[in-house]
Amino acid sequence: MSNRLDPSLIARLPPFSKLDRDQITTLLEQATSQLYPAETTIFSEGQEAERFFLLLDGHIRVVRLTPGGEQVIALHIPPGQLFGIAQAIGRKTYPAMAVAAEDCIALSWPVNLWQRFCDDFPGFATETYRTVGERMGELHESILAMATKHVEERVACALMRLIQQGGRKDGNAVEISFPVTRQNISDMTGTTLHTVSRLLSAWARDGVVESRRRHIRILDPHRLVLLSGA
DNA sequence: TCATTAAGTATGC
DNA sequence: GCATACTTAATGA
């Protein structure tokens with residue numbers, strides 16, 4: 001695959017921002033670029049971690065399955081971030097499933113390059129550990145919310161997490177820049193799509209949100225914060 | 001305060 | 001026109 005990728009694609013991204021032109025070129029030469037259509041599973045939980053990924057465009061859902069076969073959405077990965085980085089947490093298998101929430105473009109490298117990236121590229125290791133730390137914080141937040149908050153507050157929190165990582169500002173309003181269904185939100189919050197639907201309808205009547213199919217816009221972010229019980 | 005059931009409308013390939 | 005997304009009401013834990 002002699003794919004010619006533009007260095008400017010990744011030069012500004014945190015894991016690579018401290019690298020010079022040559023280093024970035026080397027890095028891109030070893031990468032595979034691929035399109036993952038919406039709803040594609042990129043890798044599954046427990047699968048041998050053969051590659052690690054950098055998301056260039058789109059959003060990824062990180063999903064875990066319960067023993068009962070129900071899915072729980074742990075978090076979302078925004079463009080510009082690494083994912084599938086089992087090595088960073090000392091694992092040889094992926095800890096969760098990664099699904100393309102919309103059409104996604106990602107670079108990937110074989111795992112045997114991971115250590116070399118850490119050794120050779122200044123800032124790569126520290127930046128990846130920073131994002132790992134951030135994701136842990138996010139997980140802790142939702143665990144706490146699950147344990148202590150009522151459904152309405154949890155759904156409001158979930159919306160806030162969505163706009164935090166996939167929000168596109170539009171004046172006072174913020175809209176979630178990738179497709180989200182009520183089922184998705186219920187999978188984030190441990191409730192049913194019916195409850196999510198009722199809440200969104202009620203909030204729409206109050207002018208807090210506005211939603212089309214697979215598309216949500218928050219008209220009044222401040223009131224959402226209040227609803228989240230924060 | 002919620003899940004569940006059930007029965008409906010809307011939307012988009 | 002069929003599957004998928006979404007809405008709403010009723011019932012009961």
Side-chain angles (χ1 to χ4, degrees), chain A residues 34-45 55 57-79 96-106 138-230:
Chain A
Q34 197 176 329
L35 168 72
Y36 301 91
E39 302 304 319
T40 312
T41 298
I42 300 169
F43 52 77
S44 301
E45 179 174 346
L55 184 60
D57 194 41
H59 283 80
I60 303 289
R61 279 199 303 268
V62 178
V63 178
R64 295 213 51 190
L65 298 172
T66 66
E70 288 167 49
Q71 62 168 26
V72 177
I73 299 176
L75 46 83
H76 289 85
I77 312 276
M97 176 167 70
V99 181
E102 59 188 322
D103 288 355
C104 287
I105 298 168
E138 230 189 291
L139 292 176
H140 284 151
E141 262 189 58
S142 54
I143 290 169
L144 193 68
M146 285 282 202
T148 63
K149 297 190 173 201
H150 291 164
V151 168
E152 183 174 29
E153 298 172 322
R154 296 211 299 269
V155 173
C157 282
L159 285 185
M160 288 174 59
R161 273 186 282 130
L162 286 172
I163 60 182
Q164 184 185 319
Q165 298 236 295
R168 184 192 301 133
K169 287 204 79 176
D170 177 18
N172 221 6
V174 191
E175 70 180 286
I176 296 163
S177 63
F178 58 95
V180 190
T181 65
R182 279 133 184 81
Q183 176 72 61
N184 291 152
I185 295 174
S186 65
D187 288 340
M188 297 174 69
T189 52
T191 181
T192 63
L193 79 152
H194 311 267
T195 299
V196 173
S197 177
R198 268 189 295 268
L199 287 170
L200 285 178
S201 298
W203 294 344
R205 275 191 288 275
D206 292 348
V208 181
V209 302
E210 181 181 80
S211 69
R212 299 169 243 152
R213 136 186 294 231
R214 292 158 73 84
H215 198 107
I216 299 172
R217 156 198 292 256
I218 287 83
L219 300 174
D220 191 342
H222 179 66
R223 285 182 59 199
L224 190 68
V225 174
L226 297 182
L227 288 165
S228 76

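The sequence lines fix the lettering, A, B, ..., with proteins before strands; numbering per chain opens at 1.
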Run A:Leu139 and A:Leu75 through side-chain contact (heavy atoms from CB on, under 4.5 Å) and show every step you take. CA-CA 7 Å; A:Leu139 292 176; A:Leu75 46 83; 3.8 Å; yes
At under 4.0 Å between heavy atoms, what does [X] touch on the DNA or RNA strands: base, sugar-phosphate, or nothing?
X	result
A:Ser201	sugar-phosphate
A:Arg198	base
A:Thr191	sugar-phosphate

Within this structure, what is the [atom1]-to-[atom2] distance between [X] and [N], rounded to whole angstrom?
X	N	atom1	atom2	result
A:Lys149	B:dT1	NZ	C1'	17 Å
A:Ile216	C:dC6	CD1	C1'	11 Å
A:Arg214	B:dG12	CZ	P	11 Å
A:His215	C:dT4	NE2	P	22 Å
A:Met146	B:dC2	CE	C1'	15 Å
A:His194	B:dA6	NE2	P	11 Å
A:Glu153	B:dC2	CD	C1'	14 Å
A:Gln183	C:dT7	CD	P	13 Å

Taking 4.0 Å as the cut-off, does a side-chain nitrogen or oxygen of A:Ser197 come that near to OP1 or OP2 on C:dT8? no
Is A:Arg182 near enough to C:dT7 that one of its side-chain N or O atoms lies under 4.0 angstrom from OP1 or OP2? yes
Taking the inter-plane angle between the rings of A:His76 and A:Phe178 on a 0 to 90° scale, is it parallel (under 30°), tilted (30 to 60°) or perpendicular (over 60°)?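 Because their plane-to-plane angle lies in the 30° to 60° range, the rings of A:His76 and A:Phe178 count as tilted.
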Does any non-hydrogen side-chain atom of A:Gln183 lie less than 4.5 Å from one of A:Asp187?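 SC-SC contact between A:Asp187 and A:Gln183 confirmed.
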I'd like to know if A:Arg198 pairs up with A:Glu152 as an ion pair, taking the criterion as any Lys NZ or Arg NE/NH1/NH2 lying under 4.0 Å from an Asp or Glu carboxylate oxygen.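 Not counted as a salt bridge, because no side-chain N and carboxylate O are separated by less than 4.0 Å.
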